[in-house]
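This report refers to the structure that appears directly beneath it.
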Amino acid sequence: MMRIKALACLLALSACANVPLQAKRDLVGMGRSDLIACAGVPDNVASLPDGEVLQWRQDQQVQGPFTIKGPMSLELDLSGHGTCHFVARLRQGRVAQVEYTGPSSTLLGPYSACRPLVLACERFVMR
C-alpha cells in the first residue's frame, strides 16, 4: 500500500513538471485572442517584421515542495527556487513558438516555475 502511495505522489509531481513542456507543443497554432484569454495580458509585447512576441513574467521566486523547518529558525531547502518568463512568438495572429527563459528549475523539474504561467492555457487546449 505504501508503494502505491509513493508511486502516486511521484506521478503527480512528474505531471506538474510536464505541463510547461506540453504547452510548448500544445499552444502552437492557438490564436492571439485565445492566448491572452487564458494567459492574461502580457507584460511585454514586441513587434517583428513577420509577427510579434508576447512575454509573461513570473519574477517572484517559486519554491519547490521540499523544505524542512526546524526550531530556532533552522531551515533546510532542497528544492531549488526559480523564476520564469513565458515567451510566445506569433505569426499571422497564431502562436508559432513557445519558449521559457529565466532560472526556472526547482525540484519538480527544469521548467516547473513556468507552470503557473501556462497552466490555464494548457487546460484550455485540453478541453
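Just so you know, these numbers come straight off a predicted model, no measurement behind them. The chain is numbered in sequence order, starting from 1.
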Counting only N and O atoms by type, is there a donor-acceptor contact under 3.5 Å from the side chain of [X] to the main-chain atoms of [Y]?
{"X": "Y100", "Y": "V87", "answer": "no"}
{"X": "N44", "Y": "Q55", "answer": "no"}
{"X": "W56", "Y": "G40", "answer": "yes"}

Would you please test L35 and L90 for side chain to side chain contact (heavy atoms under 4.5 Å, CB included) and show each step? CA-CA 10 Å; L35 181 64; L90 281 71; 4.2 Å; yes
Just how far is it from atom [atom1] of [X] to atom [atom2] of [Y], taken to the nearest 0.5 Å?
{"X": "C38", "Y": "E122", "atom1": "SG", "atom2": "CD", "answer": "9.5 Å"}
{"X": "L117", "Y": "H85", "atom1": "CG", "atom2": "NE2", "answer": "9.0 Å"}
{"X": "N18", "Y": "R115", "atom1": "CG", "atom2": "CZ", "answer": "10.5 Å"}
{"X": "F124", "Y": "D34", "atom1": "CZ", "atom2": "CG", "answer": "4.0 Å"}

Could you report the tightest heavy-atom contact between [X] and [Y], atom names first, then the distance?
{"X": "Q58", "Y": "A113", "answer": "CG-O, 4.0 Å"}
{"X": "A39", "Y": "C121", "answer": "N-SG, 3.4 Å"}
{"X": "P20", "Y": "V118", "answer": "CA-CG2, 3.9 Å"}
{"X": "G29", "Y": "R94", "answer": "O-NH1, 2.8 Å"}

Under the rule for side-chain contact (heavy atoms from CB on, under 4.5 Å), what residues qualify as partners of E99, not counting sequence neighbours?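 Only K24, Q97 meet the side-chain contact (heavy atoms from CB on, under 4.5 Å) criterion with E99.
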Any Lys/Arg nitrogen of R89 or D50 sitting under 4.0 Å from an Asp/Glu carboxylate oxygen of the other?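 A salt bridge links R89 with D50.
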Would you say L27 and V125 make side-chain contact, with heavy atoms under 4.5 Å?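 Yes - at least one pair of side-chain heavy atoms lies under 4.5 Å apart.
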Any side-chain heavy-atom pair from L119 and P116 closer than 4.5 angstrom?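 A side-chain contact under 4.5 Å is absent here.
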Is it possible for you to say whether F86 and L21 belong to one hydrophobic cluster, with membership spreading through side-chain heavy-atom contacts below 4.5 Å?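 Cluster IDs for F86 and L21 match.
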Shared ILVMFWY cluster between V95 and M126, side chains joined below 4.5 angstrom?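 Yes, V95 connects to M126 through the hydrophobic network.
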